[in-house]
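A short worksheet on the structure shown next.
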Amino acid sequence: MSIDQAAGMLRLLGNSARLRLVLRISQGEVSVAELETELKIRQPNLSQHLAELRDAGLVGSRRDGAASRHAGARPAGARRSGGRAATER
């Protein structure tokens, strides 16, 4: 990781809402509705923060019917049960 990449990661996690999301998601897979209730973050803001964390590779997501479930991202190259690498989500 370069200095610029590390600085970008620190800026991303410098936001308290995103840091709370990463800490909660690191405890186990959770739905958007559960995150909204537990962390008291409104759904539109929550979706924006989750998108930024997904883009940075810090969290992964999967569809479960109509719901999205989020979990900590696996290291590059790690496989999920569906056979896709974390970077392919």
Side-chain angles (χ1 to χ4, degrees):
M1 179 180 285
S2 73
I3 294 294
D4 289 339
Q5 290 170 321
M9 190 69 61
L10 290 172
R11 273 192 299 277
L12 183 70
L13 294 175
N15 177 285
S16 64
R18 285 191 292 269
L19 183 57
R20 288 186 302 143
L21 282 167
V22 168
L23 292 173
R24 172 55 187 93
I25 290 169
S26 71
Q27 296 172 359
E29 189 177 77
V30 63
S31 72
V32 171
E34 291 166 329
L35 288 169
E36 186 177 13
T37 300
E38 289 177 28
L39 301 179
K40 309 241 185 302
I41 301 173
R42 294 176 49 126
Q43 191 277 327
N45 294 338
L46 183 57
S47 292
Q48 181 65 36
H49 289 307
L50 287 168
E52 292 184 48
L53 293 170
R54 268 192 315 274
D55 290 346
L58 293 176
V59 301
S61 65
R62 70 175 179 86
R63 298 298 295 177
D64 184 15
S68 266
R69 301 208 44 95
H70 300 274
R74 288 173 166 63
R79 297 280 175 186
R80 303 193 83 192
S81 60
R84 295 183 347 189
T87 56
E88 296 172 6
R89 283 185 255 142

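Side-chain atoms are counted along with the backbone in the values below, which use heavy atoms only and exclude waters and symmetry mates.
In terms of heavy-atom proximity, S61 sits nearest to R54 at OG-CD, 3.4 Å.
Applying the side chain to side chain contact (heavy atoms under 4.5 Å, CB included) criterion to T37, with sequence neighbours excluded, gives no partner residue.
Interatomic distance, CD of E34 versus CD of E29, reported as 9.0 Å (0.5 Å rounding). A distance of 12.5 Å separates CG in D4 from CE in M9, rounded to the nearest 0.5 Å. L19 contributes atom CG, which lies 4.5 Å from atom CG of L23 (distance to the nearest 0.5 angstrom). Within the model, atoms CD1 of I41 and OG of S16 stand 8.0 Å from one another, a figure rounded to the nearest 0.5 Å.
Residues L12 and L58 have side chains in contact (heavy-atom distance under 4.5 Å, counting atoms from C-beta outward).
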Just do the side chain to side chain contact (heavy atoms under 4.5 Å, CB included) check on I25 and L50 with the steps written out, would you? CA-CA 10 Å; I25 290 169; L50 287 168; 3.8 Å; yes
Full working for side chain to side chain contact (heavy atoms under 4.5 Å, CB included) between L53 and L21: CA-CA 9 Å; L53 293 170; L21 282 167; 3.9 Å; yes
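The stretch residues 5-25 participates, sequence neighbours left out, in these salt bridge (Lys or Arg N to Asp or Glu O under 4.0 Å) pairs: R18-E52, R24-E38.
A donor-acceptor pair under 3.5 Å links the side-chain atoms of E36 to the main chain of Q43, judged by distance alone.
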